[in-house]
K.L.:
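A single structure is presented below for examination.
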Amino acid sequence: MLRFSLITSFSVALALPLVAQEAADAVAPEAATALEAKAAGAPVTSENWMVAAANPLAVQAGARVLREGGSAADAMVAVQAVLGLVEPQSSGLGGGAFLVWYDAETGELTTLDGRETAPLAATPTLFQDGNGEPLKFFDAVVGGLSVGTPGTPALMEAAHERWGTSEWAGLFDEAIALASDGFAVSPRLAGLVARDAERLGRFPATAAYLLPEGAPISEGATLVNAAYAETLRALAANGAGVFYEGAIAEGIVETVQNAEGNPGVLALNDLSTYVVKERAPVCVTYRAHDVCGMGPPSSGALTVGQILGMLEGYDLAELGAENPESWRLIGDASRLAFADRGRYMADSDFVPMPTEGLVDPDYLANRGALLGGDDALPEVSAGSPAFDHALLFADDISLELPSTSHISIVDAQGNALSMTTTIENGFGSRLMAPGGFLLNNELTDFSFRTHTDGVPIANRVEPGKRPRSSMSPTIVMRDGAPVMVVGSPGGSRIIGYVAKTIIAHLDWGLDVQAAVSMPHLVNRFGTYDVEEGTSAMALAEPLAELGYEVNARALTSGLHVIAIGAEGLEGGADPRREGIAIGE
């Protein structure tokens with residue numbers, strides 16, 4: 001069948017370069033087995049627990065914690081500590097994260113917001129020049145101006161305090177050892193450093209670490225980060241508070257405020273007053289499942305939920321994965337959802353938002369009825385969801401470029417964790433703090449403009465505000481229990497990656513590895529992005545005939561998924577990146 005060729009041949013071809021013999025030899029046997037399963041397009045199965053993340057060393061650290069009886073929250077701390085070392089381009093202590101937690105004992109779903117905040121000294125014109133015009137994107141990104149208050153260390157501690165069962169200090173053992181003794185530079189890290197060498201080379205501390213003797217670090221080289229090891233030792237001994245006050249905080253602020261050519265305004269009081277916030281989860285019913293995730297300031301759960309809610313009345317299972325009509329429906333549902341995203345979604349602590357109205361079943365059914373034609377919608381616009389009070393916003397077109405990382409974990413007690421973690425653009429602001437970690441450029445997720453034609457933009461910069469995000473950590477529930485834990489990096493395309501994977505699993509019956517590996521087709525603003533070099537290119541001409549502009553391009557997601565069923569756990573890791581799933 002075409003479906004087999006669309007999915008299976010793609011996943012095998014894409015995964016093989018990541019599991020060369022030397023890569024398998026560099027990791028523990030369980031990781032090598034997981035890499036081989038991914039190369040074969042097969043899910044990893046287990047009976048008790050599972051962890052899936054973006055680097056084998058990080059997954060092994062989480063697996064050790066789970067094997068010793070730790071909770072999913074404990075394992076997340078170990079995974080994140082290693083990820084910040086071995087894939088610093090994507091996440092780390094200098095960034096932020098969103099976390100979705102299912103508690104097996106209470107049956108409750110909790111979401112924690114560890115998103116970065118704008119400094120209190122930030123103004124709405126932070127990213128405008130002297131004439132009031134928006135800066136060019138990378139002129140804003142590279143340097144201190146783009147750095148928001150990091151939230152990841154506080155989120156790690158908050159999750160551990162709520163749901164951890166292991167000793168905090170022991171969760172950093174692997175990361176400290178790898179930072180002290182060195183780790184082998186992965187192919188992905190080496191390639192990204194080489195590609196971004198000019199920007200990384202602007203700052204002495206960053207260049208000294210990633211461009212030793214003026215040349216990019218090479219694949220397989222041993223990289224030591226003694227400063228990061230010391231930071232982790234301080235966190236292990238004293239908790240996350242040591243990050244937000246004292247020498248580490250002072251080093252962050254000095255780095256930001258003294259960044260040559262582009263200093264920022266982050267100050268010590270921004271760090272000392274940072275708090276993780278518990279938010280109400282956003283859930284949408286789809287195919288008798290509740291698809292739940294992070295609400296504002298994330299646009300993830302709302303936009304994924306809107307896409308699925310609009311598709312509820314269409315039989316995608318009958319149409320099938322290879323049918324252009326399926327992708328017309330998915331693509332135009334996404335366009336309609338992104339129109340609402342651009343108009344309404346931002347940090348709800350600062351902007352009144354129609355959160356309930358955006359996912360109201362009647363509203364989504366009415367929006368979904370717009371999909372009933374035969375061709376691509378000629379144009380889309382934001383809808384009029386029910387507000388509890390009236391407020392008008394202008395459309396936002398802020399740029400969100402892909403980096404980020406995703407962690408999915410289920411522990412032996414049945415708790416489930418989905419966490420997407422980021423420093424935003426690859427290597428963030430390119431600034432390395434004295435503590436051995438890169439700082440985020442998260443503030444460039446805000447709109448650079450404050451108004452359009454006199455109408456305010458919801459996602460404009462404001463002091464203390466959290467920028468809108470597309471991170472979509474998701475837990476899919478059935479009858480009150482989790483059946484799927486999913487999320488991805490990828491900038492604003494995260495939303496499409498996650499929605500596609502849920503549809504592939506629930507509608508098209510694919511196992512999680514096949515769902516993850518399936519080629520991407522993503523439509524946010526009208527142009528249909530089709531993953532180049534895959535059999536999805538067979539859909540390019542039919543989509544063009546339906547009226548879409550089609551663009552073939554790389555779509556480098558980093559999906560990590562765990563399915564939970566009566567026979568145990570099934571894990572999938574994205575063949576486009578270096579991650580794996582391990583379980584027992």
Side-chain angles (χ1 to χ4, degrees), residues 17-27 31 35 53-61 79-95 138 141-143 174-232 255 259-260 401-405 421-441 489 554 556 558 576-580:
L18 300 183
V19 288
Q21 190 60 50
E22 58 268 25
D25 290 343
V27 296
L35 285 166
N55 184 280
L57 295 172
V59 176
Q60 289 169 232
V79 171
Q80 178 64 86
V82 175
L83 286 178
L85 175 70
V86 299
E87 58 154 23
Q89 73 276 8
S90 296
S91 74
L93 301 180
F138 281 107
V141 166
V142 181
E174 285 86 353
I176 290 171
L178 288 166
S180 301
D181 300 336
F183 66 95
V185 174
S186 74
R188 180 171 174 79
L189 176 56
L192 291 172
V193 169
R195 188 183 309 170
D196 201 52
E198 183 178 353
R199 295 188 184 105
L200 294 169
R202 283 179 50 177
F203 305 108
T206 311
Y209 182 59
L210 295 175
L211 306 167
E213 300 181 0
I217 53 174
S218 58
E219 176 185 341
T222 299
L223 193 59
V224 173
N225 191 336
Y228 187 67
E230 285 304 309
T231 297
L232 294 182
T255 300
E260 183 177 352
L401 293 185
S403 181
T404 311
S405 199
T421 173
T422 187
I423 58 170
E424 216 280 345
N425 186 232
F427 303 101
S429 64
R430 279 69 173 180
L431 290 175
M432 178 161 279
F437 50 87
L438 289 168
L439 297 172
N440 69 84
N441 68 291
T556 311
R576 301 164 185 87
R577 299 204 186 191
E578 297 168 333
I580 58 172

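Because the structure is predicted, anything quoted here is derived from the model rather than measured. These numbers come from the heavy atoms of this one structure, side chains and all, not from hydrogens, waters or symmetry mates.
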K.L.:
Once side-chain hydrogen bond (donor to acceptor under 3.5 Å, both in side chains) is applied, do any residues pair with S218, and if so which ones, sequence neighbours excluded?
P.N.:
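side-chain hydrogen bond (donor to acceptor under 3.5 Å, both in side chains) list for S218, sorted by chain: empty.
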K.L.:
With sequence neighbours excluded, what pairs up with I580 under the side-chain contact (heavy atoms from CB on, under 4.5 Å) test?
P.N.:
A31, A34, L35, P56, V59, I582
K.L.:
Before giving the answer on side-chain contact (heavy atoms from CB on, under 4.5 Å), spell out for R577 and T556 the whole-Å C-alpha distance, their side-chain angles and the decisive distance to 0.1 Å.
P.N.:
CA-CA 8 Å; R577 299 204 186 191; T556 311; 3.9 Å; yes
K.L.:
Could you tell me whether the side chain of S180 and the main chain of A229 form a donor-acceptor pair under 3.5 Å?
P.N.:
no
K.L.:
Under the side-chain contact (heavy atoms from CB on, under 4.5 Å) test, which residues partner A190, sequence neighbours left out?
P.N.:
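For A190, the residues satisfying side-chain contact (heavy atoms from CB on, under 4.5 Å) (neighbours in sequence not counted) are V185, E219.
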K.L.:
Quick one, T255 and F203 - any side-chain contact, counting heavy atoms below 4.5 Å?
P.N.:
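Side chain of T255 against side chain of F203, heavy atoms only: no contact under 4.5 Å found.
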K.L.:
Taking salt bridge (Lys or Arg N to Asp or Glu O under 4.0 Å) as the cut-off, I'd like each qualifying pair that reaches into residues 180-190, sequence neighbours left out, listed once.
P.N.:
none
K.L.:
Tell me every residue that passes side-chain contact (heavy atoms from CB on, under 4.5 Å) with A226, counting only those two or more places apart in sequence or in another chain.
P.N.:
none
K.L.:
At what distance, to the nearest 0.5 angstrom, does OH of Y228 lie from CG of L223?
P.N.:
12.5 Å
K.L.:
Please tabulate, one pair per line, all N/O donor-acceptor pairs under 3.5 Å involving side-chain atoms of residues 194-201, not counting sequence neighbours.
P.N.:
from, atom 1, to, atom 2, distance (Å)
D196, OD1, R199, NH1, 3.0
D196, OD1, R430, NH2, 3.1
D196, OD2, R430, NE, 2.8
D196, OD2, R430, NH2, 3.2

K.L.:
On a heavy-atom basis, which atom in T206 and which in M432 lie closest, and how many Å separate them?
P.N.:
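Scanning both residues, the minimum pair turns out to be OG1-N, 3.2 Å.
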K.L.:
Go through the steps to decide whether F138 and N425 satisfy the test side-chain contact (heavy atoms from CB on, under 4.5 Å), and finish with yes or no.
P.N.:
CA-CA 10 Å; F138 281 107; N425 186 232; 3.4 Å; yes
K.L.:
Quick one, Y209 and I217 - any side-chain contact, counting heavy atoms below 4.5 Å?
P.N.:
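Contact flag for Y209/I217 side chains = no.
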K.L.:
Can you list the residues that meet the side-chain hydrogen bond (donor to acceptor under 3.5 Å, both in side chains) rule with N441, with sequence neighbours excluded?
P.N.:
E424, T444
K.L.:
List for me each residue that meets side-chain hydrogen bond (donor to acceptor under 3.5 Å, both in side chains) alongside S186, sequence neighbours excluded, and say none if there are none.
P.N.:
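Per chain and number, S186 pairs via side-chain hydrogen bond (donor to acceptor under 3.5 Å, both in side chains) with E578.
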K.L.:
Name each donor-acceptor pair under 3.5 Å that joins a side chain in residues 81-95 to protein atoms two or more places apart or in another chain, with its distance.
P.N.:
from, atom 1, to, atom 2, distance (Å)
E87, OE2, S405, OG, 2.6
S90, OG, T404, O, 3.4
S91, OG, Q80, NE2, 3.1

K.L.:
Step by step, work out the side-chain contact (heavy atoms from CB on, under 4.5 Å) result for L189 and F183.
P.N.:
CA-CA 12 Å; L189 176 56; F183 66 95; 4.3 Å; yes
